[in-house]
There are 2 protein chains.
Amino acid sequence: MARAGLTTERLVEAGAELADEVGFEQVTVSALARRFGVKVASLYSHLKSSHDLKTRIALFALEELAGRVADALAGRAGKDALAAFADAYRDYAHEHPGRYDATRLRLDPETAARSAGVRHAQMTRAILRGYDLAEPDQTHAVRMLGSVFHGYVSLEMAGSFAHTAVDTEESWSWVVDSLDALLRNRAVPGTTSGTGAPERESRPAG
Amino acid sequence: MARAGLTTERLVEAGAELADEVGFEQVTVSALARRFGVKVASLYSHLKSSHDLKTRIALFALEELAGRVADALAGRAGKDALAAFADAYRDYAHEHPGRYDATRLRLDPETAARSAGVRHAQMTRAILRGYDLAEPDQTHAVRMLGSVFHGYVSLEMAGSFAHTAVDTEESWSWVVDSLDALLRNRAVPGTTSGTGAPERESRPAG
DNA sequence: GAAGTCGCCTACAGGTTTTAGGCAAATATG
DNA sequence: CATATTTGCCTAAAACCTGTAGGCGACTTC
């Protein structure tokens with residue numbers, strides 16, 4: 001009987017695809033075995049458990065997303081960087097809803113510390129270099145940015161914005177503009193932060 | 001044999017408690033039957049399915065949360081109302097983590113439209129009355145507030161903020177202050193919005 | 001080509017979901 | 001109070017998912 005050539009990596013990758021197709025919740029060892037045309041028990045040589053599979057998918061997605069964000073951020077600073085970060089994040093969620101859900105899996109602290117999650121936090125801090133924030137404001141801002149981006153994407157994907165006619169794209173721009181203005185207002189006074197004194201930001205077209 | 005006195009309501013309520021104890025994910029028809037000391041099949045006279053149970057718990061939690069927010073908002077306006085809304089939301093999540101998770105369940109549009117979710121949106125809009133925002137800015141702001149609150153609480157509960165020493169309570173105040181300042185800056189110029197011209201907001205103590 | 005490792009298999013045990021049908025307790029009817 | 005009806009919880013059983021143990025054939029290595 002020909003071998004299927006299973007490896008942990010291939011299983012995780014296929015699991016990520018499966019998540020995008022049927023939802024992360026519905027990713028199951030059985031479904032994955034079916035997809036490879038092998039018996040369920042065969043997967044347990046490569047995976048410790050169902051939870052292990054989900055954790056690996058989450059780590060994979062975090063890594064992939066971090067890569068995208070890093071690419072988007074390259075060579076940008078200030079508001080440009082902020083918008084690029086935001087869009088990379090949101091685009092990934094739209095393109096890979098299952099993997100995005102996977103990144104929201106609760107990891108135990110041990111695993112979280114080794115994950116690409118720390119890169120996300122570092123990149124967020126890097127963006128804030130364009131805004132001259134002192135500690136602890138910088139940490140507050142990191143948390144706020146993470147909250148807004150994650151919250152917006154989650155609610156949008158959950159359909160929470162669907163009942164109102166206003167374009168979600170427009171709201172997204174408005175939010176990013178607002179965050180930029182907010183961070184500029186929070187900047188330490190007296191430093192040269194590029195654009196100089198905080199001004200009223202331009203309103204989006206609508 | 002004595003009857004257990006099962007009703008859909010009692011099951012949903014017990015399911016909500018169970019969610020707080022073991023996590024919403026772990027809420028199962030079997031576990032619920034165990035808790036009532038009855039056989040699993042007995043619950044299917046009161047619940048259509050496992051998904052039905054989870055949906056009902058979600059609706060219950062949304063309703064309960066809406067009630068709390070409404071209480072918190074009574075008699076308040078402006079930044080007071082904003083902070084009360086935010087705290088009510090976050091306190092509920094801390095007090096009832098399982099129920100809070102339940103409110104994040106994806107509902108089909110039909111169900112969502114009949115849920116207390118719409119009350120949440122209305123109350124958010126009510127807060128914005130203190131900030132003189134014109135459409136579509138008002139809708140953008142509703143979405144932003146929802147995103148920040150939901151995102152912050154989600155990340156905080158997932159432990160995403162645990163790796164940094166800064167107090168999450170302090171960050172929360174910072175975020176609420178920032179949102180207040182942001183909304184005041186976004187207000188339509190020329191209207192009497194209480195505090196008059198937008199000023200630099202006071203920094204939190206830290 | 002023999003020896004040993006590795007990969008996928010069969011078999012099985014335990015748990016959850018859901019349907020179908022039965023019996024007894026509660027309730028309504030005369 | 002006796003009887004008829006409804007209702008509530010039960011047993012039984014099928015389908016599916018998780019996880020463990022052990023086997024056998026297929027690759028690797030020399």
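Chain identifiers are assigned alphabetically (A, B, ...) following the order of the sequence lines, protein sequences preceding nucleic acid strands; residue numbering begins at 1 within each chain.
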Report summary line: The side-chain hydrogen bond (donor to acceptor under 3.5 Å, both in side chains) partners of Tyr100(A) (sequence neighbours excluded) come to His150(A)
Query - Phosphate contact (dG19(D) OP1 or OP2) by His51(A) side-chain N/O below 4.0 Å - result: no
Report task. Report the residues that fulfil side-chain contact (heavy atoms from CB on, under 4.5 Å) with Ala66(A), sequence neighbours left out, ordered by chain and then residue number. Result -> Ala116(A), Arg119(A), His120(A), Met123(A)
**Report entry** Rounded distance (Å) that lies between atom C1' of dT19(C) and atom CG of Leu43(B)
**Finding:** 14 Å
Only pairs under 3.5 Å count here: list side-chain donor-acceptor contacts from residues 22-42 of chain A, not counting sequence neighbours, and write none if there are none.
unit_1, atom_1, unit_2, atom_2, d
Arg35(A), NH2, Glu21(A), OE1, 2.6
Ser42(A), OG, Lys39(A), O, 3.2

Report task. Identify whether NZ of Lys or CZ of Arg in Arg143(B) sits under 6.0 Å from the centre of the six-membered ring of Trp174(A) and within 45° of that ring's axis. Result -> no
Query raised in the report: Within the structure, does a side-chain N or O atom of Ser42(B) lie under 4.0 Å from either OP1 or OP2 of dC10(D)?
Result: yes
Requested in this report: Indicate yes or no for a side-chain donor-acceptor contact from Thr164(A) to the backbone of Val166(A) under 3.5 Å, with no hydrogens or angles considered.
Outcome: no
Query raised in the report: When the aromatic ring centroids of Trp172(A) and Phe161(A) are compared, is their separation below 6.0 Å?
Result: no
Query raised in the report: Quick one: which of dC9(D), dA12(D), dC9(C) gets closest to the side chain of Ala41(A)?
Result: dC9(C)
Query raised in the report: So which of residues 13-22 of chain A are in contact with DNA chain D, with a heavy-atom cut-off of under 4.0 Å?
Result: none
Report task. Mind jotting down which residue pairs meet the ring pair (Phe, Tyr, Trp, His ring centres under 6.0 Å) criterion with at least one end in residues 43-73 of chain A? Sequence neighbours excluded, please. Result -> none
Contact list (N/O, under 3.5 angstrom) for nucleotides 15-18 of chain D vs protein:
unit_1, atom_1, unit_2, atom_2, d
dC17(D), OP1, Arg34(A), NH2, 2.9
dC17(D), OP2, Arg34(A), NH2, 2.9
dC17(D), O3', Thr28(A), OG1, 2.8
dT18(D), OP1, Thr28(A), OG1, 2.8
dT18(D), OP1, Ser50(A), OG, 3.4
dT18(D), OP2, Thr28(A), OG1, 2.7
dT18(D), OP2, Val29(A), N, 3.2
dT18(D), OP2, Ser30(A), N, 3.1
dT18(D), OP2, Ser30(A), OG, 3.3

Requested in this report: Measure from CG on Leu11(A) to P on dG7(C) and round the result to the nearest Å.
Outcome: 12 Å
Query raised in the report: Could you state the CG-P distance from Leu32(B) to dT18(C), rounded to the nearest angstrom?
Result: 13 Å
Report task. In whole angstrom, give the distance that lies between atom CD of Glu25(B) and atom P of dT16(C). Result -> 15 Å
Query raised in the report: Separation of Lys39(A) atom NZ from dT10(C) atom C1', in whole Å?
Result: 9 Å
Query raised in the report: Checking Arg76(A) side chain against Ala72(A) main chain: does a donor-acceptor pair fall under 3.5 Å?
Result: yes
Query - Donor-acceptor side-chain pairing of Ser154(A) and Arg104(A) below 3.5 angstrom - result: no
